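I have placed the structure first, in the form of structure tokens, so that the comments after it can refer back to it.
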Amino acid sequence: MRLSRLFAPTLREDPAEAEAPSHRLLLRAGFIRQVAAGIYTTLPLGLRIVRRIEAIVREEMDASGAQEIRMPITLPAEPWKATGRWQLYGDLLFRLTDRHGRELLLGPTQEEVVTPLVAGELPSYRDLPVNLYQIEWKYRDEFRPRYGLLRGREFLMKDAYSFDRDVENMRGSYQLMFDAYRRVFDRCGLRYVIVEADPGQIGGGVNHEFMARAEVGEDLFVECENGDYLADTEAATPRPPEPADRSDLAPLEVLDTPGTPTIEALASLLAIPEERTLKCILFEAGGATLAVLVPGDREVNEPKLERLFFPTPVRRFEDEDFARHGFVKGYVGPQGLAGDAVVLADHSVLGGKDWVTGANEADRHVSGANAGRDFRVDRFEDLARIREGDRCPVDGGVLRIGRSIVVGHIYQLGTKYSEPLEATFIDEDGGARPYEMGCYGIGISRIVAAAAEQHHDDAGLVWPKALAPFQAVVILANHDDERARTEAERIYEELRQLGVEALLDDREVRGGVKFADSDLIGYPVQVVVGKKGVATGTADLKLRSTGERSSAPLAQVAQAALDLLGAAP
RNA sequence: CGGGGCGUAGCGCAGCCUGGUAGCGCACCUGCUUUGGGAGCAGGAGGCCGGCGGUUCGAAUCCGCCCGCCCCGACCA
């Protein structure tokens, strides 16, 4: 390909709307252009990256026995009502109505399509297992699209769905995907971690997230300093602290604490650290009142709480709830709670004593409150949001929080979709059973962004060769020098003969522009053919990843470039 | 959805406070000179100033409503 003919509009300046490095560089280097919030056109260079990722994904999926299909994006609402997701997904769904008034949606994933498909066509246990996948656009009307390709409203995803006759076989299918995913992300050159993740509100099965490390990542994970524990922050369970020594407890006293409805104000007034206070957060679950206790400097992990009571919905007290139940917001304490309230405490509460907490009347707190003596705890559970410095549940090491981009997520679904959709097969014993399903997603367009986040420097992108849009660029440094032009053409042809996907920068612009663009676009190897070099019979090479330069005789440049490519990451 | 910011030429911005009919840099076109890390000079083209309405003799500028985009946060793969 000749750059003079390639639609690759680079920008000299940073686009104002882009903040994240991947977003900024993908725009600047001419890989994508924005059409609307979270919706992008992929330009030739960007599409070449997408194609490479797709090829890797297809190879590994096919090698695992999965079969590619293509399902529609425009979907009827009925199956989504059957599984409850028409309601559950709420505003996240792009909905439309056709001319006859029928309700449709743009698919955010395709369980509701693939499950009836398989149910209709594979009625026997003899037909199983089967794993069907596709690479297709997905639509989610995100609250807040951001960071370019990282959180789009339209994005390219590989989604696969496995169908098995029983749980054991389903786990086997899951493991195949787990292994395939590792190969995919390894080949894409991503630095990533695999964590067991939050199963989500619908609860249930095992699932793993493949998280590419990145500064701008929206998903947090925790890892032990000793490398023996990894988890999603919402699923992480830290080691509880040593119980406090309770041999010498302070008496319970009531304190006047005017104007201190927040922990911050209270700690400030009493001149005590926030962790000496006890936070008592009220929730309502199925008509019952829940009081959740955490140390004042911690937050309640509401997803964990919800999971504890699933499927009963849990919601935080609103202002009118406080009034109705006779609580004073900002001054709630666990002592003297009615017997019908369930008192839950995070394990970290064990590590403290003589708490300062609400007195259940306005502008009053108590000090010296102790579990068992002054208030009861019905259950100790893991309910506090984890934070940096908490202890590893495996070896007690210090936990750190990392940021990441979720590039893959695999789930053991079980019969979550097959049951409501009445997707059954006839088992060996003649009985009808719902399929045991798994689903497996890879964010293709997200990998483009994640790779860009991980592989860039001040000058631009630095693609690993497995993803690079072209493996090498031949830069004609002096476009009006005939000999240089002839040599550049020849070297470009020779590279192609050697099987290198090369690009010839034959544009009629100054060398400096070409060098800057080459660094910006991020080809792994640059070959510079110019007047000076040609006069002495040489051309120059540069490895983008290290900036290392070398030169080689014109006759050997192509081979030298190939060798250099071999050394490129 | 709450909070904040921004919409002026393809891109990045100034002008707005203090109304008088639009400017700078880059990119683009022509010519000359240049030509190995985003060239110089000269000339040129390009904008219903996000939209609608209002105030005014006159609105990019003041007022109202709407739309779009970005950032932070709600908790979403």
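Labels below follow one simple rule: chain letters A, B, ... track the order of the sequence lines, proteins then strands, and each chain is numbered from 1. No experiment lies behind these values; they were computed from the predicted model shown.
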Could you state the [atom1]-[atom2] distance from [X] to [N], rounded to the nearest angstrom?
X: A:Arg28; N: B:A27; atom1: CZ; atom2: C1'; answer: 13 Å
X: A:Asp505; N: B:G38; atom1: CG; atom2: P; answer: 15 Å
X: A:Glu17; N: B:G12; atom1: CD; atom2: C1'; answer: 11 Å
X: A:Arg151; N: B:C70; atom1: CZ; atom2: C1'; answer: 16 Å
X: A:Asp519; N: B:G36; atom1: CG; atom2: P; answer: 16 Å
X: A:Leu520; N: B:C11; atom1: CG; atom2: P; answer: 17 Å

Across the strands shown, which category fits [X] at heavy-atom distances under 4.0 angstrom: base, sugar-phosphate, nothing?
X: A:Leu150; result: base
X: A:Asp91; result: nothing
X: A:Lys531; result: base
X: A:Asp517; result: base

Considering only side-chain heavy atoms of A:Tyr40, which listed nucleotide, B:C11, B:A77, B:C70, is closest?
->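 Given the options B:C11, B:A77, B:C70, the side chain of A:Tyr40 is closest to B:C70.
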Looking at the rings of A:His409 and A:Phe210, which for Trp means the six-membered one, are their centres under 6.0 Å apart?
->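 No, the ring of A:His409 stays outside the 6.0 Å limit from the ring of A:Phe210, centre to centre.
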Base-pairing assignment for [N] (Watson-Crick or G-U wobble, both under 3.5 Å):
N: B:G25; value: B:C11
N: B:G73; value: B:C1
N: B:U34; value: none
N: B:C65; value: B:G51
N: B:C17; value: none

Using heavy atoms and a sub-4.0 Å distance, could you list which residues of residues 441-462 of chain A are near RNA chain B? By number, please.
->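 Going residue by residue through residues 441-462 of chain A, the ones with a heavy atom under 4.0 Å of RNA chain B turn out to be A:Arg446.
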Side-chain donor or acceptor of A:Arg549 under 3.5 Å from a matching atom on the base of B:G37?
->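 Under the 3.5 Å cut-off, the side chain and the base do form a donor-acceptor pair.
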With rounding to the nearest 0.5 Å, note down the distance linking CH2 in A:Trp80 to OH in A:Tyr89.
->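 Interatomic distance, A:Trp80 CH2 to A:Tyr89 OH, rounded to 0.5 Å: 6.5 Å.
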